[in-house]
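One structure is given here, and the rest of the page talks about it.
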Amino acid sequence: MWDKTIVISNLLCRLPWCSSEVPLQHPTASPQADRATKQKPSVPQGLPRRSLSLRVKLLVVFSILFSLVFAGAFYWFYTFTTEKTLYKLRSDMRNTLKGAAQGVDVEELWALYQTGDRNPAGFSDDDRYQRQLRWFQTVHQIEPRVWLYSYVVGPVDRNRRFGPASVTPPNLETVYLVDLWLIRDPNKAADFLESAPANLDLDFIREQSLIEVSKIYSDKWGSWLSSSIILDDNGEQLLMLGLDIEADYVLQIQNMIRQRVGIAFIFTYGIFFTLIYLLSGILTRRLRHLTNAAEEIRLGNYQVAPLAFADRDYFPDEMHTLAQAFDSMVAGIRTRESLIRQGKQTEYEMRLALQKERELNELKSRFVSMVSHELRTPMTVIRTSLELLQRYGHLAPAAKREEYFTLAQSAVMAMNQLIEDVLTIGKAEAGKLELNPVDLDLVKFCRGIVQELQIGAQQTIQFQAPSSPLMVSLDPQLLRSILTNLLSNALKYSPQATPITLRISGNDTHVNLEIEDQGIGIPAADQTRIFQLFHRASNTTNIRGTGLGLAVVKQCVAQHNGQVTFRSQEGKGTTFTVQLPRYAQATAAVGLPETAANLEEL
């Protein structure tokens with residue numbers, strides 16, 4: 001039979017309040033240990049300690065400043081050159097477009113659009129088409145960078161075209177007429193009366209009169225700036241003249257600037273970095289000597305030699321004065337350190353003995369207080385009930401005597417549950433908790449638990465289960481611990497007259513137990529730790545409890561290879577769901593791997 005004394009002693013040594021304070025370190029253990037302790041600077045935990053010399057900082061700062069200044073100068077020059085080039089290019093584009101528009105016969109171009117025919121190549125042999133093309137060639141000879149084309153913009157149901165429309169009514173479309181690109185590559189030129197979507201509306205084009213693309217764009221023909229001007233407006237359609245001007249040389253200028261500035265930056269930065277490196281070495285040499293000496297003192301080595309440059313400067317400066325003050329400080333620290341070491345030995349021994357005795361006394365008093373507090377109430381109920389039965393049992397009616405017996409029975413069940421919880425946790429801690437499944441009717445088993453807990457309860461436990469038996473193979477002792485703890489918590493933390501619901505369901509492989517209450521709920525801050533040993537929610541301070549129940553539930557469920565989950569909202573209630581395999585397999589004793597860590601954390 002399980003020894004309860006051993007279980008309680010084992011738990012007594014693992015309670016959260018028995019964790020010791022900060023360990024005392026022997027002040028004279030060894031010089032190496034003392035130096036190792038001093039090597040740990042008081043920096044926030046988790047942040048790596050990285051050293052960066054002043055010389056490196058100077059190099060980084062000046063390198064950044066140089067890069068920023070150089071980048072600013074490059075950006076200004078690059079932007080200025082690009083803007084000037086684009087300004088000249090746009091000016092040439094506008095002047096050429098306006099001059100070309102003056103040479104276009106608008107009426108002839110309208111007539112070509114309305115009556116012209118397309119040849120088999122996709123263009124037109126019409127004289128009007130050829131005259132427009134020759135005029136575009138004349139402009140191209142004057143300004144070889146430009147390529148002209150004419151087109152009509154209008155509603156799709158009003159336009160004339162060859163082939164299907166590129167958009168559906170009432171959208172606008174573009175119908176191309178004459179394209180100068182025909183003289184270079186007919187395969188890439190727009191066909192006569194070819195349809196394409198129009199991305200602008202007529203009112204916007206009329207307001208702008210002259211439309212330009214704001215940025216250089218690239219396509220399969222090259223890099224371009226584009227512009228269009230209105231030749232005529234018949235109210236429903238616009239006759240437009242477009243111009244593309246080659247902008248490849250702008251990109252070439254930009255690439256040339258980037259390449260040459262990059263070479264200049266590398267060369268200049270190399271010279272600048274070398275100068276800063278040499279100058280920073282001269283400025284920080286003495287500071288490095290002083291830093292090395294201070295680091296030795298920090299590590300516990302007070303036998304450092306005086307700084308070499310303290311008495312040999314022909315022209316003393318601030319570093320000379322600092323070195324002399326540093327040597328005087330080291331001598332005083334060396335003397336005080338020796339005196340402190342001698343006094344700490346006695347203090348260490350006294351604090352160690354006092355700490356051990358205080359921990360033992362506190363351990364005894366707190367554990368006794370917890371056990372006595374949890375057992376006092378049920379024992380008081382039993383004693384009172386027995387006294388009343390002894391004195392007035394012969395006078396009290398049968399219903400009153402039954403009430404006294406019920407109260408005593410409930411108190412005995414509460415005491416028995418506390419002892420069972422302690423035993424379960426103790427077995428798990430010692431690695432002696434086993435799973436011994438037997439065949440049983442889960443519905444009948446749960447109904448019996450409900451009837452036991454209903455005795456003396458102020459709430460009603462509603463039991464919802466299948467009408468037919470639900471045969472399972474589970475450990476009845478562990479199953480009882482699961483149900484008793486969850487239902488007891490629901491009764492304990494729920495107001496009077498509120499219902500508690502136990503639902504049972506299952507399939508071929510698993511069974512589900514769901515316990516729902518309308519009690520005080522679990523605060524969100526406590527939900528991640530609610531299954532830890534001895535942990536109680538922050539809203540249960542005025543309700544007695546040990547913090548063992550849910551830890552027992554979790555261990556018993558884990559022993560069945562099951563799962564326990566919950567959902568809760570503070571002030572509205574909690575629902576615990578336990579899923580267990582319908583046919584559990586017997587297992588050997590398994591310990592409680594997380595208990596030690598949880599206890600140390602608490």
Side-chain angles (χ1 to χ4, degrees), residues 90-119 121-163 165-167 170-184 186 188-213 224-245:
R90 288 194 177 95
S91 178
D92 294 343
M93 179 179 64
R94 296 189 191 104
N95 294 333
T96 303
L97 181 60
K98 291 178 181 179
Q102 295 177 0
V104 175
D105 189 337
V106 176
E107 294 181 358
E108 184 179 72
L109 195 56
W110 272 120
L112 176 64
Y113 165 69
Q114 295 168 356
T115 61
D117 293 327
R118 179 189 287 186
N119 61 22
F123 305 105
S124 178
D125 298 328
D126 195 300
D127 292 338
R128 295 168 294 185
Y129 184 93
Q130 298 300 323
R131 281 194 292 273
Q132 292 291 332
L133 186 60
R134 284 194 295 270
W135 169 242
F136 289 175
Q137 288 178 317
T138 301
V139 175
H140 181 68
Q141 290 175 355
I142 298 173
E143 177 54 81
R145 296 176 299 173
V146 302
W147 298 85
L148 294 165
Y149 52 94
S150 57
Y151 57 95
V152 173
V153 178
V156 64
D157 54 354
R158 301 288 297 175
N159 287 345
R160 178 174 179 253
R161 74 189 73 80
F162 283 110
S166 58
V167 296
N171 296 315
L172 298 179
E173 71 171 345
T174 299
V175 178
Y176 291 99
L177 301 178
V178 183
D179 187 358
L180 181 59
W181 199 262
L182 173 64
I183 66 174
R184 171 176 287 188
K188 295 181 180 180
D191 292 344
F192 177 62
L193 296 183
E194 177 184 344
S195 173
N199 298 323
L200 301 175
D201 57 42
L202 296 180
D203 293 336
F204 177 79
I205 298 175
R206 292 188 182 102
E207 292 176 0
Q208 299 296 321
S209 180
L210 180 64
I211 302 175
E212 292 185 356
V213 177
W224 311 90
L225 276 177
S226 296
S227 179
S228 297
I229 191 172
I230 298 176
L231 296 176
D232 193 23
D233 183 358
N234 64 7
E236 293 183 348
Q237 296 170 308
L238 297 178
L239 182 62
M240 307 288 293
L241 178 64
L243 181 147
D244 294 340
I245 186 168

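- Residues T115 and R128 have side chains that bring a donor and an acceptor to within less than 3.5 angstrom of each other.
- Considering only heavy atoms from C-beta on, Y129 comes within 4.5 Å of L182 through its side chain.
- Across G242 and Y151, no two heavy atoms sit closer than the pair N-CE2, 4.0 Å.
- Annotation for D191 and A121: closest pair OD1-O, 4.5 Å, computed over non-hydrogen atoms.
- Using bins of under 30°, 30° to 60° and over 60° for the plane-to-plane angle, the ring pair Y113/W110 lands in the perpendicular bin.
- With rounding to the nearest 0.5 angstrom, the NE2 atom of H140 is 11.0 Å from the CG atom of L243.
- No side-chain heavy atom of V178 sits under 4.5 Å from any side-chain heavy atom of W135.
- Taking every heavy atom of both residues into account, S227 and L210 meet most closely at OG-CD1, 3.4 Å.
- A pairwise comparison of heavy atoms in L180 and V146 identifies CD2-O, 4.1 Å as the closest pair.
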> Which is it for V152 and L238 under the side chain to side chain contact (heavy atoms under 4.5 Å, CB included) test, yes or no, and what are the steps along the way?
Replying inline: CA-CA 6 Å; V152 173; L238 297 178; over 6 Å; no
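- Between the S195 side chain and the S166 main chain, a donor and an acceptor come within less than 3.5 Å of each other.
- Note on ring orientation: taking the six-membered ring where Trp is involved, the planes of W181 and W224 are perpendicular (angle over 60°, cut-offs 30° and 60°).
- Here Q132 contributes atom CD and E108 contributes atom CD; the two are 5.5 Å apart, rounded to the nearest 0.5 Å.
- Shown here for L231 and A101, the closest heavy-atom pair between the two residues is CD2-CB, 3.8 Å.
- Contact annotation: the side chain of D126 never approaches that of D117 to less than 4.5 Å [non-hydrogen atoms, C-beta and beyond].
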>> With salt bridge (charged side-chain N to carboxylate O under 4.0 Å, His left out) as the criterion, how do D233 and R206 come out once you've worked through the C-alpha distance, each side chain's angles and the decisive distance to 0.1 Å?
In response: CA-CA 9 Å; D233 183 358; R206 292 188 182 102; 2.6 Å; yes
>> Determine whether E236 and L202 satisfy the following criterion, side chain to side chain contact (heavy atoms under 4.5 Å, CB included), listing intermediate values before the conclusion.
In response: CA-CA 8 Å; E236 293 183 348; L202 296 180; 6.0 Å; no
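- Crowding of Y176 atom OH: a count of heavy atoms from other residues, nucleotides or ligands under 6.0 Å not exceeding 12.
- Within the 4.5 Å cutoff, side-chain heavy atoms of S150 are placed close to those of L109.
- Side-chain atoms of V167 and L172, non-hydrogen and from C-beta on, never get closer than 4.5 Å to each other.
- Residue I230 holds its CD1 atom at 5.0 Å from CE of M240, rounded to the nearest 0.5 Å.
- Side-chain contact check for Q237 versus V153: every heavy-atom pair is 4.5 Å or farther apart.
- Within the model, atoms CZ of R90 and CD1 of I245 stand 11.0 Å from one another, a figure rounded to the nearest 0.5 Å.
- Other residues, nucleotides and ligands place no more than 12 heavy atoms under 6.0 Å from the NZ atom of K98.
- With hydrogens and angles disregarded, no donor-acceptor distance shorter than 3.5 Å links the side chain of D232 to the backbone of L239.
- Considering only heavy atoms from C-beta on, Q137 comes within 4.5 Å of I183 through its side chain.
- Between the side chain of E194 and the backbone N or O of T174, no donor-acceptor pair lies under 3.5 Å.
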>> Quick one, L241 with I229, criterion side chain to side chain contact (heavy atoms under 4.5 Å, CB included). Give me CA distance, side-chain angles, the key distance, then yes/no.
In response: CA-CA 5 Å; L241 178 64; I229 191 172; 4.0 Å; yes
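- A salt bridge (charged side-chain N to carboxylate O under 4.0 Å, His left out) with E173 is found for one member of R158, R161, R160 and no other, namely R161.
- Residue D244 holds its CG atom at 9.0 Å from CG of L225, rounded to the nearest 0.5 Å.
- D92 has its side chain within reach of R145: a pair of non-hydrogen atoms, C-beta onward, lies under 4.5 Å apart.
- Ring planes of F192 and F162: tilted class, angle from 30 to 60°.
- To the nearest 0.5 Å, atoms CG (L148) and CG (L133) are separated by 10.5 Å.
- Surrounding CD of Q114 are more than 12 heavy atoms belonging to other residues, nucleotides or ligands, all under 6.0 Å away.
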